[in-house]
Colleague: 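Dropping the structure in here first, questions after.
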Amino acid sequence: MAKKIQTLDEVTIRFAGDSGDGMQLTGTQFTNTVASLGNDLSTLPDYPAEIRAPAGTTYGVSGFQIKFGSTDILTPGDTCDVLVAMNPAALVTNVKILRDGGTIIVNEDAFTEKNLRMAGLSTNPLEDHSLEKFNVHAIGITKLTTYALADMNLSTRFVDKTKNFFALGLMYWMYNRPLDQSIRFIEEKFGAKDKQVAEANLKVLRAGYNYGDTTEVFTTRFDVRPAKLPPGKYRNIMGNVATALGLVAAARKSGLQLFLGSYPITPASDILHELARLKEFGVKTFQAEDEIAAICAAIGASYAGALAATTTSGPGLALKTEALGLAIMLELPLVIVDVQRGGPSTGLPTKTEQADLLQAVLGRNGEAPLCVLAASSPADCFLTVYEAARLAIKFMTPVICLTDGYLGNGAEPWRIPDAGELPPIPVTFAKDPVGFQPYARDPGTLARPWAIPGTPGLEHRIGGLEKQDVTGNINYDPDNHDLMIRLRAQKIEKIADDIPEQTVEGSRSGDLLLVGWGSTYGSIKSAVAGIRESGHAVSQIHLRHINPFPRNLGPLLSAFKTVIVPEINSGQLIKLLRAKYLVDAVGFNVVRGLPLRSEEIEDFVENHIGGKHA
Amino acid sequence: MVNPSLDVWVATGDGDGLSIGGNHMIHMLRRNLNIKVLLFNNQIYGLTKGQYSPTSLLGQVTKSTPAGVIDFPFIPVSLALGAQATFVARAMDRDPKHLQEMVRRAEAHHGAAFVEIYQNCNVFNDGAFFQFTEKETKDDHIVYLEHGKPLLFGKERQRGIRLNGFRPEAVSLKDGKYSASDLLVHDEKDSTLAFILANMIHNPDLPRPMGVFLALEHPTYEEQMADQIARAKSRKGEGDLQKLLDGEETWVIK
């Protein structure tokens with residue numbers, strides 16, 4: 001019997017299983033296929049920090065959520081429509097985000113007494129009617145996988161490892177997606193090393209697909225048409241990859257060598273991994289002995305004339321703090337990427353947060369201003385880090401580029417820029433010894449000359465001690481110190497003249513404005529759409545430039561009666577806005593290690609304006 | 001790494017090089033970066049005004065250890081050898097000719113070079129090395145290491161070091177029991193010997209070795225880095241930025 005195909009605008013699916021069940025791979029595969037069919041999408045990998053937590057436990061559950069659609073997809077979804085749960089622990093930890101009436105696909109073979117106990121369940125949810133408001137499909141995925149591989153004489157352990165491809169195949173069937181992309185992936189990934197492994201995975205993938213087609217359990221499959229994205233060539237991209245590519249592009253466009261000094265830290269390490277592969281681009285990556293060595297090597301590389309970067313996450317940025325002060329004192333270009341994670345201390349290594357903002361803007365000894373930018377989506381990491389490199393070079397300053405765990409590991413379609421059309425990054429090295437002064441300043445930018453060692457006649461000293469204006473000699477004069485502090489601050493302020501004015505989504509004045517920064521862009525934008533639907537006028541400002549702020553930000557803020565600032569922290573941007581603009585802004589703050597839910601923002605805003613009017 | 005043609009020197013001390021920067025020191029040495037380190041060891045923190053350092057001696061009374069130091073000191077040469085340094089030497093502030101030679105050797109070395117320099121701090125730790133530097137005592141308390149030559153010391157060079165098993169001992173050549181041919185002959189390519197010489201410090205009856213403990217030829221970090229890049233370029237061609245941005249899977253929306 002031909003099955004009915006129903007067209008949907010958007011769907012959110014969450015794949016969840018034990019850390020060993022390959023859920024991240026399954027999710028990534030599904031994402032790549034969906035992306036290549038032209039859907040807009042947003043993903044949220046949500047996995048434990050442990051390398052391998054005990055199997056079957058709730059804290060060992062690894063999840064991957066994808067929202068895709070023919071519409072503009074802004075977030076990975078507050079709730080999901082479909083939950084694929086490979087064991088009881090995955091079911092109990094994720095069912096709370098499944099919408100009422102949503103679909104559950106579970107591997108019923110994993111609902112053993114032991115696994116139920118590991119998940120803290122006294123009864124089997126497949127039998128105790130606790131899932132009645134959902135549409136549950138309990139499928140013997142382990143058994144069906146075993147049947148599919150019965151003629152291959154493989155170990156139980158091996159067979160068990162392939163069952164995620166059954167779930168993937170079934171979801172491809174259910175959402176009318178072709179298998180080609182994953183077939184190619186399996187052949188490339190496993191085929192070269194072990195033909196049998198490739199064959200087994202392909203068999204299981206097809207078995208999952210065919211199961212959907214033949215079983216009578218499923219009567220409907222779904223289709224999601226391509227999204228109406230602006231014309232162009234697209235690829236799917238994760239934030240950390242976009243960051244790596246942004247750095248390579250900036251090096252190419254500036255004609256500089258790219259040097260990365262880095263120390264492995266979740267969730268930033270993938271930037272190091274990406275760049276370490278790109279040796280044919282002349283990229284030099286140095287995995288240092290610690291965070292301090294990583295940034296100090298980058299400072300040395302910058303001194304020697306490279307585009308230097310260091311990548312880290314919050315605790316690593318804390319360790320780099322003193323060296324950041326050195327980079328500020330030396331006035332050398334440097335890009336620091338902080339892929340923020342849950343803090344303080346080791347915190348929540350694999351979860352996302354926006355709580356490093358004040359650390360980035362203010363967290364150093366002495367008066368130590370630097371430039372801070374923040375990316376707003378996985379693909380936006382590319383342009384943001386590119387802009388960071390451009391400003392670092394032009395203003396001879398360290399620039400911190402803030403992303404976060406969600407941006408770094410999340411993915412979305414990216415309209416690939418034409419390499420030829422990226423903005424130029426001009427570099428001028430000082431060459432002329434006549435009248436050379438290492439701390440003489442460009443009148444426009446207040447940047448000092450970039451004089452690299454080995455240039456005849458430009459020998460000079462640098463170091464962390466206070467510099468005399470112009471000469472750069474060590475100097476303890478009180479007035480000189482006061483002057484240098486002002487000059488360093490003015491230089492950073494001057495960046496505001498070089499960056500675009502702040503844009504507003506919606507009208508440029510009115511009753512209500514939502515101001516955000518970083519990865520909350522999509523959640524806030526969704527919330528704004530919801531608030532408008534319920535009849536309120538609302539505008540949105542999302543900041544890429546946080547220090548300095550765009551020069552028109554103050555007037556924009558004061559053109560609204562109510563300013564609400566949603567952040568995944570206890571209120572950090574709001575402090576800066578209040579301090580600088582004396583704006584009586586209201587914070588919306590939830591710090592759960594997860595992206596903000598747009599519904600929560602919406603509810604908060606509506607309560608707030610409702611409460612005001614009451 | 002960015003510009004391997006630059007001559008890079010680090011002038012450091014026992015605090016900077018072995019304490020706050022100790023981690024960086026050992027990793028720089030094991031990586032064999034082409035950096036020359038002059039570690040001025042005065043066994044005290046001078047700049048911060050008189051606290052004990054990682055090379056201060058047991059029992060040493062300083063401002064921060066009024067009852068005496070209770071932690072065991074680093075032996076900089078041993079630390080450098082343990083960190084797989086390819087060039088390790090020791091010299092003294094009061095023997096400028098020898099010091100100059102060590103600096104020249106470090107400069108000529110291919111890779112990381114570590115030179116420990118005993119330096120008197122006349123303010124906070126005066127006389128720490130006098131037995132090695134002063135005319136009356138130095139001949140009996142130091143032995144110069146020279147590649148391929150026996151270890152001789154003493155005013156008349158009538159004393160020497162021989163190996164008893166793995167243990168070095170001081171012997172006299174005067175009484176006829178030992179001759180120069182019984183003595184340990186220095187070999188700066190021998191890393192086992194370098195450790196034995198470094199450990200002579202533990203025996204107060206032995207003179208302190210000065211000179212090049214070890215000089216090995218290994219590829220430098222930056223050469224290998226450049227090699228990997230050159231190989232990748234010859235295998236894949238110079239990187240194409242547009243191809244990189246495009247990645248492997250693209251689709252077009254019209």
Side-chain angles (χ1 to χ4, degrees), chain A residues 32-33 35-38 181 184 226-237 241 244-245 248-249 251-253 256-257 259 261 277-286 288-290 292-293 296-297 300-306 308 382 413-420 422 452-454, chain B residues 1-12 16-17 19-35 47 83-84 112 220-254:
Chain A
N32 288 344
T33 292
S36 64
L37 293 179
Q181 193 277 132
R184 228 175 19 250
K228 284 169 217 64
L229 298 168
K233 187 161 56 164
Y234 282 79
R235 66 177 283 188
N236 186 44
I237 198 159
V241 176
L245 298 191
V248 176
R252 271 297 157 95
K253 297 299 270 191
L256 299 175
Q257 269 188 66
F259 179 90
R277 296 192 300 124
L278 300 178
K279 303 224 183 301
E280 69 274 23
F281 287 83
V283 177
K284 291 182 174 168
T285 55
F286 172 63
E289 59 272 22
D290 61 24
I292 297 173
C296 288
S302 174
Y303 183 44
F382 178 84
W414 179 42
R415 188 155 62 131
I416 303 162
D418 182 336
L422 289 168
I452 60 176
Chain B
M1 289 179 245
V2 166
N3 183 359
S5 65
L6 290 174
D7 217 357
V8 181
W9 290 75
V10 175
T12 184
D16 190 27
S19 193
I20 197 167
N23 193 26
H24 312 308
M25 176 70 79
I26 58 178
H27 289 279
M28 188 279 291
L29 292 174
R30 82 176 166 85
R31 291 188 172 109
N32 202 31
L33 281 150
N34 196 16
I35 292 177
L47 206 58
Q84 315 300 312
T220 66
Y221 186 92
E222 53 270 43
E223 276 168 2
Q224 297 182 76
M225 185 181 240
D227 277 359
Q228 287 189 341
I229 287 172
R231 263 184 283 144
K233 283 186 176 176
S234 77
R235 201 171 62 244
K236 301 183 190 169
E238 179 76 34
D240 178 332
L241 181 59
Q242 190 63 55
K243 271 194 192 148
L244 176 68
L245 299 184
D246 288 355
E248 278 155 28
E249 300 261 352
T250 62
W251 68 95
V252 173
I253 290 178
K254 295 209 174 88

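Letters go in sequence order (proteins before strands), and every chain restarts at 1. Values below: all heavy atoms of this structure, side chains included; hydrogens, waters and symmetry mates excluded.
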Colleague: Give a yes or no on this: more than 12 heavy atoms of other residues, nucleotides or ligands lie within 6.0 Å of atom CG of Leu6(B).
Modeller: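 Atom CG in Leu6(B) is crowded, with more than 12 foreign heavy atoms closer than 6.0 Å.
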Colleague: Shorter than 4.5 Å, heavy atoms on both sides: which option in Pro226(A), Gly232(A), Ala293(A), Ala301(A) has the most such pairs with chain B?
Modeller: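 Ranked by contacts with chain B, first place is Gly232(A).
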Colleague: If you round to the nearest 0.5 Å, how far is CG of Asp227(B) from NZ of Lys279(A)?
Modeller: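 Rounded to the nearest 0.5 Å, the NZ-CG separation comes to 12.0 Å.
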Colleague: Can you name the nearest heavy-atom pair linking Leu241(B) to Ala419(A), along with the distance?
Modeller: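 Closest pair (atom of Leu241(B), atom of Ala419(A), distance): CD2-CB, 3.9 Å.
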Colleague: Determine the minimum heavy-atom distance between Ile229(B) and Lys284(A), stating which atoms define it.
Modeller: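 Scanning both residues completely, I find the closest heavy atoms to be CD1-CG, 3.5 Å.
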Colleague: Can you measure from CG (Leu244(B)) to CD1 (Ile416(A)) and round to the nearest 0.5 angstrom?
Modeller: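 Leu244(B) atom CG to Ile416(A) atom CD1 measures 10.5 Å (nearest 0.5 Å).
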Colleague: So Tyr234(A) and Trp251(B), would you call those rings parallel, tilted or perpendicular, with 30° and 60° as cut-offs?
Modeller: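 Plane angle under 30°, so parallel.
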Colleague: Of the backbone (N, CA, C, O) and the side chain (C-beta and beyond), which part of Phe259(A) lies under 4.5 Å from a heavy atom of chain B, both, or neither?
Modeller: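 Contact with chain B is through the side chain of Phe259(A) alone.
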Colleague: Which of these, Lys233(B), Lys243(B), Lys236(B), sits in a salt bridge (charged side-chain N to carboxylate O under 4.0 Å, His left out) with Glu280(A)?
Modeller: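 For Glu280(A), the salt bridge (charged side-chain N to carboxylate O under 4.0 Å, His left out) check succeeds only for Lys236(B).
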Colleague: What I'd like to find out is whether the side chain of Glu248(B) reaches to under 4.5 Å of the side chain of Arg184(A), using heavy atoms alone.
Modeller: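 Not in contact.
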Colleague: Side chain, backbone, both or neither: which part of Val283(A) has a heavy atom under 4.5 Å from chain B?
Modeller: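 For Val283(A), backbone heavy atoms alone lie under 4.5 Å from chain B.
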Colleague: Who wins among Val252(B), Ile26(B), Asn23(B) for the most heavy-atom pairs under 4.5 Å with chain A?
Modeller: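 Highest number of heavy-atom pairs under 4.5 Å: Asn23(B).
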Colleague: Among the options Arg231(B), Gln228(B), Met28(B), pick out the one with the most heavy-atom pairs lying under 4.5 Å from chain A.
Modeller: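 Among Arg231(B), Gln228(B), Met28(B), the one with the most close pairs to chain A is Gln228(B).
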Colleague: For Tyr303(A), is it the side chain, the backbone, both, or neither that has a heavy atom closer than 4.5 Å to a heavy atom of chain B?
Modeller: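 Neither; nothing under 4.5 Å.
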Colleague: Could you have a look at Pro453(A), Ala308(A), Gly454(A) and say which one has the most heavy-atom pairs with chain B under 4.5 angstrom?
Modeller: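 The option with the most such pairs is Pro453(A).
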Colleague: Please state whether the side chain, the backbone, both or neither of Leu278(A) comes within less than 4.5 Å of a heavy atom of chain B.
Modeller: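 Only the side chain of Leu278(A) comes within 4.5 Å of chain B.
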Colleague: Just how far is it from atom CG of Asp240(B) to atom CZ of Phe281(A), taken to the nearest 0.5 Å?
Modeller: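 One finds 6.5 Å between CG of Asp240(B) and CZ of Phe281(A).
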Colleague: As an exercise, state the distance from CD1 of Ile253(B) to CZ of Arg415(A), rounded to the nearest 0.5 Å.
Modeller: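 That separation rounds to 9.5 Å.
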Colleague: How long is the gap from NE2 on His24(B) to CD1 on Ile292(A), to the nearest 0.5 Å?
Modeller: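 One gets 5.0 Å once the value is rounded to the nearest 0.5 Å.
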Colleague: Quick one: NZ on Lys233(A) to CG on Asp246(B), what's the gap to the nearest 0.5 Å?
Modeller: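 Going from NZ on Lys233(A) over to CG on Asp246(B), the span is 3.0 Å.
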Colleague: Where do Leu245(B) and Arg235(A) land on the side-chain contact (heavy atoms from CB on, under 4.5 Å) test, with the steps shown first?
Modeller: CA-CA 9 Å; Leu245(B) 299 184; Arg235(A) 66 177 283 188; 5.5 Å; no
Colleague: Can you tell which part of Asn32(A) gets under 4.5 Å to a heavy atom of chain B, answering side chain, backbone, both or neither?
Modeller: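 Contact with chain B is absent: no heavy atom of Asn32(A) under 4.5 Å.
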Colleague: Could you look at Met1(B) and say if it's the side chain, the backbone, both or neither that has a heavy atom under 4.5 Å from chain A?
Modeller: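 The answer is both parts of Met1(B).
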Colleague: If I measure from the heavy atoms of chain B, does Glu289(A) come under 4.5 Å with its side chain, its backbone, both, or neither?
Modeller: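 Both parts, backbone and side chain.
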Colleague: Is there a side-chain contact (heavy atoms from CB on, under 4.5 Å) between Asn236(A) and Glu249(B) once you walk through the steps?
Modeller: CA-CA 8 Å; Asn236(A) 186 44; Glu249(B) 300 261 352; over 6 Å; no
